[in-house]
Colleague: 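Can you read through this structure? Questions will come right after.
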Amino acid sequence: MKRVDPLLRQIVETISESGVRTHLERLVGPRDPFGGHAGMEAAADVIAEAFRGFALQLVEERFRCEGRWYRNLIASRLGSFRNGQVLVVAHYDTVPNSPGADDNASGVAGLLEVAGALACHRFKHDLVFIAFALEEYGNPGSLYYVEQAKACGAPIVGVFDLEMIGYTGPTQTAPPGIQAPAAGDFIGVVGNRRSEGLVSLFKGAAALVTPSLPVQAFVVEGNGENLPLVRQSDHAPFWDAGYPAVMITDTAFLRNPHYHLPTDTLDTLNLRFLWQVAAATAASAALLAGFA
Ligand SMILES: [Zn+2]
C-alpha cells in the first residue's frame, strides 16, 4: 500500500480474505423465491446478524411482490453532519438452481466486510449498507427503496453497487463496439455522466490502497438505455431517480462461464481479488463520507 492516511490504512487492513471466505461459506446456496426460499430467508438472517454484530442500526424493510413478502436489510451509521448519505449495496437473492457464489454472495461478502471495516469510524455523512432482495426479478427491492428515498428527499451523494465481484478468468468478452482487455482480471466500474465523479473516486482509491488491482472504468450516456446490460443491477433505479451510482462488477457473463448455473460455486472464486475489490470500495466510501 502506498503512503495513505492512517485511518484509511486501518480500514483496509480490517478487511481480510478470511473474513470474505467466512461470509461466503454462510451465504452460498440457492436463495431464490421458489425452491430456494428457505435459503433466501436464512441468508437474510445471516446478513442481519452480521450487521447487528457491527453495532449498526438495522431496519428490515419489507415489501410485497406477487403476493409474498420480502425484505431489504438496511444498516446505517449516522454521520456527524447528517447532510449526506453514502450507500454501499448488494443483492442477496439468486436465480433458481444456482448457489450464486459470484452472483451475488461475492457482492454481499464484500458488503459485509466493508460495513464491518467502516462501522467503527466516524464520518461526516451517514453510511448506509443495504442487502437488496429480488434483484434477479426486475429489482423490486431496490425500486421500492429508491421510491421511498426519493419521496423523502434522501440526500444520497453516492451509491456503490457490488454486483459480482469474485471471478477472474483468462479470457474476457465484450459487447459489440466496446473495447475490453483480453484477460478477465480487472474489476469494472460502471457509471453514467452524473456518476463520473464516483467512477474517478473509485479508480483513485483503488490505485491508492490496492495498486495491483486492475480497474476498467466505463461511463455510459443517459442512464444506459442503449446498452441494457449495464442496467442489470440495483444501481439502475438510483440512476433513474437522478442519484449518482456506480456498479462495481467482474462483468458477469462476459467473463464468468458459471453465470446463473449450478456451477457458480465458491471454489471458482478468486478470494484475493474479492478482498481487493472490497478494500477499494471501503476506501472509496470512506473518502466520499469524509472522516469526521
Ligand atoms: Zn446479480
Side-chain angles (χ1 to χ4, degrees), residues 20 23-24 26-37 39-40 43-44 46-47 63 65 70-73 87-114 129-146 159-169 172-173 175 184 187-191 218 220 224 227-240 245-266 268-270 273-274 277-278 281:
V20 165
H23 300 310
L24 288 169
R26 301 180 73 189
L27 291 164
V28 174
R31 304 179 300 282
D32 63 85
F34 311 105
H37 190 261
M40 182 195 245
V46 164
I47 297 162
F63 64 94
C65 188
Y70 297 93
R71 49 184 165 152
N72 294 329
L73 303 154
L87 275 58
V88 185
V89 310
H91 77 85
Y92 68 92
D93 58 304
T94 60
V95 295
N97 303 315
S98 174
D102 193 23
D103 190 7
N104 188 32
S106 67
V108 177
L111 170 70
L112 295 180
E113 280 298 285
V114 172
F129 307 100
I130 310 175
F132 284 125
L134 300 193
E135 182 273 347
E136 301 288 2
Y137 306 87
N139 313 327
S142 50
L143 278 167
Y144 184 78
Y145 180 86
V146 172
V159 181
F160 299 93
D161 175 24
L162 302 175
E163 174 59 61
M164 304 181 67
I165 57 167
Y167 190 87
T168 55
Q172 176 72 42
T173 63
I187 189 70
V189 51
V190 182
F218 189 58
V220 300
L227 193 57
L229 70 91
V230 301
R231 291 180 50 82
Q232 286 178 10
S233 188
D234 294 303
H235 61 292
F238 289 95
W239 282 358
D240 294 341
V246 288
M247 172 170 63
I248 296 166
T249 181
D250 62 24
T251 75
F253 54 87
L254 296 174
R255 175 188 305 173
N256 188 341
H258 308 292
Y259 176 73
H260 285 185
L261 294 176
T263 52
D264 180 10
T265 53
L266 176 46
T268 66
L269 301 187
N270 177 343
F273 177 77
L274 206 169
V277 175
T281 304

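In listed order, ligands and their atoms are each counted from 1. Position 1 is the first residue of the sequence; numbering continues from there. Since we're looking at a predicted model, the values are computed, not measured.
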Colleague: Taking it one step at a time, do Tyr145 and Val89 satisfy side-chain contact (heavy atoms from CB on, under 4.5 Å)?
Modeller: CA-CA 11 Å; Tyr145 180 86; Val89 310; over 6 Å; no

Colleague: Could you check whether any side-chain N or O of Asn72 sits under 3.5 Å from a backbone N or O of Ile130, counting only pairs where one atom can act as donor and the other as acceptor?
Modeller: no

Colleague: Is it true that Asp103 and His91 share a donor-acceptor pair across their side chains at a distance under 3.5 Å?
Modeller: yes

Colleague: Is there a donor-acceptor pair closer than 3.5 Å between any side-chain N or O of Thr249 and the backbone N or O of Glu163?
Modeller: yes

Colleague: When you check the space around the Zn ion (ligand 1), which protein N, O or S atoms turn up under 2.8 Å?
Modeller: His91 NE2, Asp103 OD1, Glu163 OE2

Colleague: Does the side chain of Val246 come within less than 4.5 Å of Phe160's, by heavy atoms?
Modeller: yes

Colleague: Take Tyr92 and Arg71 through the test side-chain contact (heavy atoms from CB on, under 4.5 Å) and record every step on the way to the result.
Modeller: CA-CA 10 Å; Tyr92 68 92; Arg71 49 184 165 152; 3.8 Å; yes

